[in-house]
Amino acid sequence: MSHSLELSAPIENKYLTTGVKILIAIFGVGMAFGLYRFLFGLGSVTHLNHQYPLGLWIGVDVASGVALAAGGFTSAALIHIFYKEDYHIFGRPAHLTAMLGYTFVVIGLLFDLGRWYNVWHPAIPTMWQGNSVLFEVGICVMIYLTVLYIEFLPIVAERFIGHSPKWIDGILRFLDRILGKIMWVFIILGVVLSCLHQSSLGNLLVIAPYKMHPLWYTPVLPMLFLMSAIAVGFPMVLFEYYLAAKSFNHPIDMQKMGKLARLVPVFVGLYFLMKIGDLTIRGAWGNLFDGSYQSIWFAVELIIGIILPIVLLLNQKVRNNPTLIFIASTLYIIFGVLLNRINVFLIAYRPPYKTHIYFPSIGEILVTCGLIAGLILVYRAFVTIFPVLPAHKNEHA
Amino acid sequence: MGLDRRDFMKSLVCAGASSLFAQNAFSSTAEANNFLDTFGVLVDTTVCIGCRKCEWACKQVNHLPNKSLEAYQDTSVFETHRRPDEATYTVVNKFDVPGEEQRAEYTKVQCMHCNHAACVSACIVGALKKDKQTGAVRYDSWKCIGCRYCMAACPFQIPAYEYHNALTPKIQKCGFCFDRLVTENTVPGCVEICPVEALKFGKRGDLIELAHANIASNPERYIDHVYGEHELGGTSWMYLSSRPMEEMGLLKFGTKPIPSYTEPLQHAIFKKFVPPVSLFAFLGGIMWLFRNSESANENE
């Protein structure tokens, strides 16, 4: 019985459901605004200006996208480095989410880059700029994205070996054999690269000490970004597992879900300790009561996004209920991490000569929604084509 | 700095990638250098009459859309404190003098050409560079990817962006009239036109001496502070004033250069690639240990 869950298989559900049609519509609207931006410039769609050069697309599509794709490297570490084979069923979906997540981070970035056609420049050695925090982020993301696709090749091989023309079959078998031997290098490399750029992402705005609100501005911001990313890995895996099970009508393996959920408060708890430790050492608690709108967002992040999910998941009853695990995970994902990235990149950023506060335009929001819809559509296509989600044939029979 | 580079090059040989690396990819933006021999401009805000001729000249020499010189006599623009934008590299703002209703003082705003520029440190492709001879912070739009991280990094909020240019948007800011300084061997357009010599061009070191001499001989006219001498590690453009520049539209800063907030961590990570390589080895060790213990468990 447990063995049947170890196998992965393409899902047999119909692709075009009502939900999918709605997603296609959202995707289409978003891309229409995206096209408009490419034709008429950033100023025609966004509320970006000389005061606020970074907006929703950087805060959400890029920075949050990278953080929320952390399930890929945390589950790779858990399953393949710490060898907890029990969690195998979470491995492939988490990896697919990371791979597609990072792909959409790059696509989202292209919308934001003024000279998007120069996106390859950081890869050219004569233009390397090692002092730039952004350079480290960029180069790590480029390599990591490649690593993620390489790690996906065995799944492609598994799907098409024995189902393809002879010459393709031969290539796949050859690749699969080579990769099988050296995959451990890519697995560890993926974790190292993730640690590097997840933390560097937090170092990005350390370059603006006079602009950032003191509740978030700290020299250890890179450590906080890394820890929160590590901590969001398993909640993301649980979040997706629950959603996939619900939308594809798959049974839920409560025992494994509960077991993984037990790890969440440990990591989120560590992040919580680092965060309050940092506030205490810097003597920044006072800023929490300065009445600024920043202080309210910080409180939301801390109480609803961090403390609440920890308290919930420490409770055995919550961990026995898949819906409650899903809710607790979602709280940390949305209010603990997504809100944190928005806070750091948008809310905490205070231009010295600002005339008004940045709020994203409808166009910016619709492009972001379109990209998220696109990501879900591609994910659904991938799990339909490739053996990613756990197979359930035995139970249906 | 030479040593840093040598160390770094050595580490690259270890990594087997030295031939690929741009030689100065890691030479620190925060290196020790007083930039006394580079050029600078000393702005005397007590002399400036707010004629805005510098604004006009700037647009002329930089081929920006311009109005007639007469149009710049319009003083209504002083009702707000303006900022430079994608078509304006410099603006002059008016500040009332407390207690003296008839008199006003003016602050010219433009890129400060920081000695240790945050934008240069931030730029992902080295499109912004500090010129070692002139001190100008120059921009190469060909390299630029349009990420606007320089704008987030600049503590003076100077770089502006061509948000309405769809295909070839540029970062726009004062370039210190680099071509005039180097090929034409003359002074920046704004300095040349200033009718009251409120802008003095020269070697940065000489200007600092001049500024302190002026303060010493006119202690009632100036406060004893040269804005830009030490702010954020020093800037090419500096200001003499009757009161703190924070009251005249500039900002209060410490002396620590902005790049020293982020670069130490950058260099610690990349220097000899020790942290990433150790992490790789550490994780490899864990993998090996757990794989063995798991297979041992299965054998039981």
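Ring orientation note: the planes of A/F111 and A/W57 are nearly perpendicular, at an angle over 60° on the 30°/60° scale.
Both the backbone and the side chain of B/F253 come within contact range of chain A, with heavy atoms under 4.5 Å apart. The part of A/Y210 that comes within reach of chain B is its side chain, from C-beta onward, which places non-hydrogen atoms under 4.5 angstrom from that chain. Within the 4.5 angstrom heavy-atom criterion, no atom of B/W288 approaches chain A. Only the backbone of A/F40 comes within contact range of chain B, judged by heavy atoms closer than 4.5 Å. Contact annotation for B/D85: both backbone and side-chain heavy atoms come within less than 4.5 Å of a heavy atom of chain A. For A/W184, the parts lying under 4.5 angstrom from a heavy atom of chain B are both the backbone and the side chain. Looking at B/L232, only its side chain comes within 4.5 Å of chain A, counting heavy atoms on both sides.
Between A/D86 and A/K259, at least one side-chain N (NZ, or NE/NH1/NH2) sits under 4.0 Å from a carboxylate O, which counts as a salt bridge.
Contacts with chain B were tallied for A/N49, A/V191, A/L109; A/N49 has the most, counting heavy-atom pairs under 4.5 Å. Ranked by heavy-atom pairs shorter than 4.5 Å toward chain B, the options A/T355, A/L54, A/L204, A/L205 are led by A/L204. Most heavy-atom pairs under 4.5 Å with chain B, from the set A/L196, A/L189, A/V119, A/D112: that is A/D112. Note on A/S200, A/P53, A/G41: by heavy-atom pairs under 4.5 Å with chain B, the leading option is A/P53. Heavy-atom pairs under 4.5 Å with chain B peak, among A/P219, A/P209, A/A208, A/P222, at A/P209. For the options A/L39, A/L48, A/I58, heavy-atom pairs under 4.5 Å to chain B are most numerous at A/L48.
Geometric assessment of B/R148 against the ring of B/Y161 yields a positive cation-pi assignment under the 6.0 Å and 45° thresholds.
Heavy atoms from other residues, nucleotides or ligands lying under 6.0 Å from CE of A/M223 number 12 at most.
If you check the side chains of A/D278 and A/T218, you find a donor sitting under 3.5 Å from an acceptor. Side-chain atoms of A/T46 and A/E364 form no donor-acceptor pair, as typed in the model, at a separation below 3.5 Å.
Side chain of B/K94 to main chain of B/E79: no donor-acceptor pair is present (N/O by atom type, distance under 3.5 Å, no hydrogens or angles).
No close placement of the A/Y358 and A/Y349 rings is indicated, their centers lying 6.0 Å or farther apart.
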